[in-house]
Amino acid sequence: MEDRAKKIIEACLHEKSKNPIDIFNKIAQMDFIRIHGPEHHVLDGAALLTAFRNAGGQIDLQTSLSELMKRGLQMPGATCGMWGVCGAVSSMGAALSIIDGTGPLSSDSSWGKHMEFTSKALCSLAGVGGPRCCKRDAFLSFQKAIEHINENYNVALETCNIECCFSEKNLQCIKQKCPFYKESKKKVAFICVHNSCRSQIAEALGKLLASDVFESYSAGTETKPQINQDAVRIMKELYGIDMEQTQYSKLISDIPTPDIAISMGCNVGCPFIGGAFDDNWGLEDPTGKSDEEFKIVIKEIENRVLQLKRELM
């Protein structure tokens, strides 16, 4: 644990941000920080001290971080469940104590103000409930710590909208019950042989009509040097989309692994993608046909994209 703590301190000394959440997020994604663990008793307060100093706070950062590390290493793990006090809150309380030079016999207002911060932070954690999540508990504590410092010190810490990027690694994640949970979007791939017409139209309409629900990609087992020019022209006419500016013909290996793979239609022979398709839309290829026939296919793709969006919401 001491080796992890030293790496945290070293990383903090290289940070320039005035936002403790940004500092925390960056270091928490390094390979020596576990998803849960007592390293947060050092990391959380260290990120706060670093942002405070970067915002103009009058502390010696090296000395302050060394003291914070010393105190953080004295805190046992699982204090939230075993002692009823979250280590993230205690770590930030320690940071405030270091900033003010507060001790158990201090008679100035700092003693009480630190208690005020920790009580507010713990109430915030209690409002969400368990099981513990060292990332969620840190985020909640940072919110209260930033408010406290900006109200009581002559510095202005920066903050941001928090979206957790650790959910998939946390087996106990409470997902939608967490205020920072970010729902990951499904990746939908529209597949045909040449990725020049129907699949390109589907990708464009997916991005236009359903980007709030799923990510859209298109690909083929072969490629063409350009997207079907009739499709480009008509999509620009109907939707104001210039597919040549935002899309190009791609192989299946050029896109991320999809959660949902949709064949546009097997009338020209289904491409092999290494497994079964999740759906086959069975659309006629309008290549070489009239504008009216193109528009019928485009409208059908629009309807199916909207139907898929409803199914995934």
Determine whether the side chains of His114 and Asp100 contain a donor N or O and an acceptor N or O closer than 3.5 Å. yes
With a 4.0 Å cut-off on N to O distance, would you call Lys185 and Asp259 a salt bridge? no
For atom NZ of Lys182, decide whether the heavy atoms of other residues, nucleotides or ligands shown that lie under 6.0 angstrom number more than 12. no
d(Asp44 CG, Glu39 CD) to nearest 0.5 Å is 10.0 Å
Short side-chain to backbone donor-acceptor contact, Ser106 and Asp108, under 3.5 Å: no
State whether Glu302 and Lys299 are salt-bridged, where the test is any N-O pair (Lys NZ or Arg NE/NH1/NH2 against Asp/Glu carboxylate O) under 4.0 Å. yes
Please check if Met264 and Ile260 belong to a single hydrophobic cluster, counting links between Ile, Leu, Val, Met, Phe, Trp and Tyr side chain heavy atoms closer than 4.5 Å. yes
Looking only at heavy atoms, which two atoms of Ala156 and Ala55 are closest? And how far apart? O-CB, 3.9 Å
Between CD1 of Ile234 and CD1 of Ile298, what distance do you get to the nearest 0.5 Å? 5.0 Å
Tell me, do Leu73 and Glu2 make a side-chain contact under 4.5 Å, heavy atoms counted? yes
In terms of hydrophobic clusters joined by side-chain contacts under 4.5 Å, are Trp83 and Met115 together? no
May I ask you to decide whether Arg233 forms a salt bridge with Asp291, counting only side-chain N to carboxylate O separations under 4.0 Å? yes
Are Lys113 and Glu151 close enough for a salt bridge, meaning some N to O gap below 4.0 Å? no
Does Ser249 use its side chain to pair, donor to acceptor, with the backbone of Lys224 at less than 3.5 Å? yes
Greater than 12 external heavy atoms within 6.0 Å of Lys186's NZ: no
Is it the case that one hydrophobic cluster holds both Leu208 and Val188, taking links as side-chain heavy atoms less than 4.5 Å apart, direct or via other members? yes
Heavy atoms only: give me the nearest Ile262-Phe277 pair and the separation to one decimal. C-CD2, 3.8 Å
Quick one: does any side-chain atom of Glu222 pair with a main-chain N or O of His194 as donor and acceptor, under 3.5 Å? no
Evaluate the criterion side chain to side chain contact (heavy atoms under 4.5 Å, CB included) for residue pair Asp285 and Arg198; output intermediate values, then yes/no. CA-CA 7 Å; Asp285 185 0; Arg198 292 165 295 168; 3.9 Å; yes
When every non-hydrogen atom of Cys197 is compared with those of Phe294, the smallest separation belongs to SG-CE2, 3.6 Å
Counting distance only, does the side-chain N/O of Lys120 pair as donor-acceptor with the main-chain N or O of Lys144 below 3.5 Å? no
Cationic N near anionic O, under 4.0 Å, Lys6 to Asp3: no
Side chain to side chain, Thr50 and Phe24, heavy atoms closer than 4.5 Å: no
Between Asn170 and the options His36, Arg136, Lys135, the side-chain contact (heavy atoms from CB on, under 4.5 Å) test singles out His36
Check whether Gln29 reaches the backbone of Asn25 with its side chain - one donor and one acceptor, N or O, closer than 3.5 Å. yes
Distance col, row Lys250:NZ vs Ser218:OG, nearest 0.5 angstrom, shows 3.5 Å
With Arg71 as partner, the option from Ser90, Ser97, Ser91 fulfilling side chain to side chain donor-acceptor pair (under 3.5 Å) is Ser97
Under 3.5 Å donor-acceptor, Glu168 side chain and Phe166 backbone: no
Do Glu147 and Gln143 meet the criterion of a side-chain donor-acceptor pair at a distance under 3.5 Å? no
Is there a path of hydrophobic side-chain contacts, each under 4.5 Å between heavy atoms of I/L/V/M/F/W/Y residues, joining Leu209 to Val213? yes
To the nearest 0.5 Å, atom CE of Met243 lies from atom CG of Asn228 at 7.5 Å
Could you report the tightest heavy-atom contact between Gln247 and Ile227, atom names first, then the distance? O-CD1, 3.8 Å
In this structure, would Phe117 and Met75 fall into the same cluster of hydrophobic residues linked by side-chain contacts under 4.5 Å? no
Considering non-hydrogen atoms only, spot the tightest contact between Leu157 and Ile149 and give its length. CD1-CD1, 3.7 Å
Quick one, Thr118 with Leu96, criterion side chain to side chain contact (heavy atoms under 4.5 Å, CB included). Give me CA distance, side-chain angles, the key distance, then yes/no. CA-CA 10 Å; Thr118 55; Leu96 294 176; over 6 Å; no
Is there a donor in the side chain of Asn19 and an acceptor in the side chain of Ser17, or the other way round, less than 3.5 Å apart? no
Work out which heavy atom in Thr79 is nearest to a heavy atom in Cys86; give both atom names and the distance. OG1-C, 4.0 Å
Between SG on residue Cys12 and CD on residue Glu15, distance to nearest 0.5 Å: 7.0 Å
CG of Leu61 to CZ of Phe52, rounded to nearest 0.5 Å, is 11.0 Å
